[in-house]
Amino acid sequence: MQILRKIEDGLMYVGADDHKISMFESTLEIAHGVSYNSYLFLDEKTCLMDTADQDVTRQFLENVEGALGGRKLDYLVIHHMEPDHCYNVSAILSRHPETKVVSNAKVFTFLRQFFPEMDFSSRSIVVKEGDSLSLGRHTIRFYLTPMVHWPEVMMSYEESEGLLFTADAFGTFGTLDGNLFASDVDFDRELLGDARTYYTNIVGKYGSSVQMAFKKLPLDKVKMILPLHGPIWKEKEIPYILDKYQKWSTYTPEKKGVLILFASMYGDTENAAVYFANLLAEKGVKDLHVYDLSRTPMDELVGLSFEYSNIALFAPTYNLTLYPSVDTYLTDILRMGLTKRTFTLVGNGTWAPVERKLMVEKLSTGRGNTILPTELTILSALKKEDLPVLNQMAEEVVDSLK
Ligand code: FEO
C-alpha cells in the first residue's frame with residue numbers, strides 16, 4: 001500500500017523508512033533504522049526531488065506512482081549521488097521515459113559511473129550555481145554545495161514557499177514512523193543523539209564545507225528544511241538545528257563536561273576510570289559520563305566526542321601497541337577532524353607500559369587538541385601512591401572547564 005503524506009499544497013512526501021538496517025554504509029551501527037526521504041512537486045510540471053535506497057524500492061516506487069496518480073513525471077532533480085538516494089534513478093527513468101534529469105555536471109559524471117548501461121544524453125538538464133527551474137507556481141533555484149559531504153552535492157531552494165532541500169545536511173538517523181516533522185517529536189530527547197551521530201560520522205570531516213554552504217544559502221528566508229534523512233524542519237525549529245550545525249561544523253563543544261572513555265581487559269583500568277569520575281563528581285563536575293570503548297558503538301562515541309569539551313582516556317597497553325578499541329577510537333575522531341578538545345590521558349600496563357606515550361603520539365597527529373600536562377601510567381592496578389597524581393589530573397580538568 002502506498003504511504004503518502006502531504007507536506008503542503010503541491011508537495012508530497014514519497015520517501016520510506018527502513019526498519020531493518022543495522023549497519024549504515026556497512027560500517028556505522030545504527031539502532032533505530034533510517035528514513036530515505038524523497039519529495040514530489042505536483043505543479044503544472046511534476047518534479048521528484050531525489051529517489052531512495054534499494055532496501056525501500058518497493059515502498060518508494062508505490063509512493064511515487066500513487067502520488068503522481070497517472071500524471072507524467074516531468075523532472076527528477078538529483079541533489080546527491082550516493083546510492084542510498086540514487087539507487088532508484090534507473091527504476092524511475094525506466095518507468096518514465098518522458099522524465100528529464102536535472103542536476104549539475106558532476107552528478108551526470110557520477111550517473112554514468114553508477115549506471116553505465118543508461119544513456120542520459122537526451123534527457124539531461126545540466127544546471128549551474130544560481131540557475132533555476134520553473135514548475136509553474138514553484139521555482140527551484142540551485143546552489144552547489146560541494147563536499148557536504150561528496151563533491152557533486154547541491155542543494156535547492158524553492159522560492160515561493162521558502163523550501164530548502166539540503167541533501168544529507170540536516171539529516172538524522174532513525175525512522176520517521178509517521179513523525180514527518182521535527183516538531184512532531186521531542187527532538188532534543190528522542191533524536192538529537194541520532195542526529196549528532198549522523199552528522200559527525202557522515203559530514204563531520206567537512207565542517208568548512210558546511211560553513212561555506214551556510215554563507216551562500218538564503219538561510220534568513222527559509223521556511224522549511226527538507227533533508228534526505230530524518231524529519232523536516234519547520235520555520236519555528238530551524239534556529240535550533242542551525243545552532244547545532246553551527247557548533248558541529250566549527251567543532252565547538254555543545255557542553256562543558258567530561259566524557260570518560262576506558263578500555264579494560266580485567267577491570268583494573270575500568271576501576272581507575274570510575275575512581276576518576278568520582279573524583280570529578282566530588283569536585284563539582286556535573287556533566288560527566290563513563291563509557292566502555294570496547295562495548296559502545298564507535299559512531300556513537302564519535303558523536304559524543306563532538307558533544308563534550310573534555311575527554312579522559314584510560315587504557316591498557318596491548319602487545320606494545322595501542323589497545324585496539326583505543327586505536328580505532330583515536331583513528332575515527334581524527335579522521336572526522338575533531339579538534340578543540342581537552343584530553344586527559346591515563347595508561348596502564350604490567351610490563352613495558354607504553355599506552356599513554358602511544359596515545360599522545362597518535363593524538364598529536366591531529367590538530368588543535370590539548371593534552372593536559374599531568375601524566376599517569378598505572379602499573380597493573382591503581383595504588384595509593386597514584387591517588388595524588390589522579391587528584392591533580394582531576395584539578396586540571398576542573399580548571400579547564402572554567
Ligand atoms: Fe544519505 Fe551521503 O547519503
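Predicted model only: the values in this text are computed from it and were never measured. If you read the sequence from its start, that first residue is 1, and numbering goes on from there. Counting starts at 1 for both ligands and their atoms, following the listed order.
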Participant: State, to the nearest 10 degrees, the angle whose vertex is atom 2 (Fe) of ligand 1 and whose arms point to OD2 of D168 and NE2 of H149.
Facilitator: 90°

Participant: If I consider every N, O or S atom in E82, which one ends up closest to atom 2 (Fe) of ligand 1? I only need its name.
Facilitator: OE1

Participant: With a cut-off of 2.8 Å, does D84 place any N/O/S atom under that distance from atom 1 (Fe) of ligand 1?
Facilitator: yes

Participant: I'd like to know if E44 and R137 make a salt bridge, using a cut-off of under 4.0 Å between side-chain N and carboxylate O.
Facilitator: no

Participant: So, H80 and atom 1 (Fe) of ligand 1: N/O/S under 2.8 Å, yes or no?
Facilitator: no

Participant: Do the rings of Y36 and F24 sit parallel, tilted or perpendicular, given the 30° and 60° boundaries?
Facilitator: parallel

Participant: In sequence, state the C-alpha distance, the side-chain angles, and the governing distance for H32 and H19, and then conclude on ring-ring contact (aromatic ring centres under 6.0 Å, His included).
Facilitator: CA-CA 7 Å; H32 310 116; H19 291 93; over 10 Å; no

Participant: Given F314, which of Y323, F262, F276, Y291 fulfils the ring pair (Phe, Tyr, Trp, His ring centres under 6.0 Å) condition?
Facilitator: F276

Participant: To the nearest 10°, how many degrees is the angle H229 NE2 to atom 1 (Fe) of ligand 1 to H85 NE2?
Facilitator: 90°

Participant: Do we get K234 above F181's six-membered ring, with its NZ or CZ under 6.0 Å from the centre and within 45° of the axis?
Facilitator: yes

